[in-house]
Novice: 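Let me begin by handing over the structure; questions about it come next.
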Amino acid sequence: MLQKIQETTKFIKSNTKYNPEIGIILGTGLGGLVNEIENAEIIEYKDIPNFPVSTVKGHHGRLIFGMLGGREVLAMQGRFHYYEGYEMQLLAFPIRVMKNLGIDRLLVSNAAGGMNPKFKVGDIMFINDHINLMPGNPLIGPNDDEIGPRFPDMGEPYEHSTLALAKEIAAELNIPVHEGVYAAVSGPTFETPAEYRYMRTIGADAVGMSTVPEVIVARHAGMHVFALSVITDLGGMEEVAPVSHEEVIEAANKSEPLMTAIIKELLKRL
Ligand code: HPA
């Protein structure tokens, strides 16, 4: 694994002039932020040795290097989901490469279903903790002590100080935000009514099909994490509420500018 990470890192380093400190992964319908990256350099996943390639038709699969909020960033346009059939370990790979490139901070967004009765479609929730309900963990398997410890602490998966700063920024920008717990499921099915009730009961405010594997791997490697969800449906609360992929994308697109404004300002002040 370490050898593959090093090989991929070497390739990437020889293909960009940037030395980013901050990595960004954007969720479904939330990719607009990448258009704001200045002086961008792009590397396609398919050209990167050892890199997974997105299976979802029409999804971009590329790394974008450049300047955002005055900082050097690396954004992944197109993320990998467990439901696409990837091994959990493969989901971990891009994060490990980021770390090897010198990135010690990860910003993540996702589209999620809201279960907290205070939430409305289009709301933003800063993630303050998570529950991993996926049938696995990306750290299962032999541990490489050079990357991180066998039994990593998960006491503060989402850095408190960054969360506090993001709340300050949202207040200054007059963007109302919630804070809550994100439950990660495998998908690709959306939840049954009983599953939504179950997740609400165990303490989750939102549910989605991503983010947690990446965050686990990032924390394992000692990276600082900030993550937010855009609430794209209220599966848990509406009597008759079929959830569709189209609805998720439409809601995410609408809230995207607000999320972008928060992340840009956060980058300036981190
Ligand atoms: N459930 C799971 N994943 C999701 C949802 C949901 O309701 N909405 C967006 N991603």
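Order of listing sets the numbers, starting from 1, for every ligand and every atom in it.
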Novice: To the nearest 0.1 Å, how far is atom 10 (N) of ligand 1 from its closest protein heavy atom, and which atom is that?
Specialist: Ala111 O, 3.4 Å

Novice: Mind checking whether Ile127 and Asn110 have side chains closer than 4.5 Å, heavy atoms only?
Specialist: yes

Novice: Under 4.0 Å from any heavy atom of Met209, which atoms of ligand 1 are there?
Specialist: 2 (C), 3 (N)

Novice: Numbering the atoms of ligand 1 from 1, which are under 4.0 Å from a heavy atom of Val207?
Specialist: 1 (N), 2 (C), 3 (N), 4 (C), 5 (C), 6 (C)

Novice: I need the atoms of ligand 1 closer than 4.0 Å to a non-hydrogen atom of Tyr196, numbered in the order shown.
Specialist: 1 (N), 6 (C), 7 (O)

Novice: Kindly assign one of parallel, tilted or perpendicular to the pair Tyr45 and Phe80, based on the angle between their ring planes and the thresholds 30° and 60°.
Specialist: tilted

Novice: Decide whether an N or O pair under 3.5 Å exists between Gly113 and ligand 1.
Specialist: yes

Novice: Between Arg219 and Glu156, is there a side-chain N and carboxylate O pair less than 4.0 Å apart?
Specialist: no

Novice: May I ask you to list the atoms of ligand 1 that are less than 4.0 angstrom from any heavy atom of Thr232?
Specialist: 8 (N), 9 (C)

Novice: Taking Glu41 first and then Lys17, would you say they form a salt bridge - that is, a charged N and a carboxylate O separated by under 4.0 Å?
Specialist: yes

Novice: Is the closest side-chain donor-acceptor distance between Glu7 and Asn50 under 3.5 Å?
Specialist: yes

Novice: Could you walk me through whether His178 and Phe119 pass the ring-ring contact (aromatic ring centres under 6.0 Å, His included) test, one step at a time?
Specialist: CA-CA 8 Å; His178 306 284; Phe119 292 3; 4.3 Å; yes

Novice: Among all protein heavy atoms, pick out the one at the shortest distance from atom 8 (N) of ligand 1; state its residue, atom name and that distance to 0.1 Å.
Specialist: Asp233 OD1, 2.6 Å

Novice: May I ask you to list the atoms of ligand 1 that are less than 4.0 angstrom from any heavy atom of Glu191?
Specialist: 1 (N), 2 (C), 6 (C), 7 (O)

Novice: Counting non-hydrogen protein atoms only, what is the nearest one to atom 3 (N) of ligand 1? Give residue, atom name and distance.
Specialist: Gly208 CA, 3.4 Å

Novice: Could you verify whether a donor N or O on one side chain and an acceptor N or O on the other, from Glu256 and Thr260, lie under 3.5 Å apart?
Specialist: yes

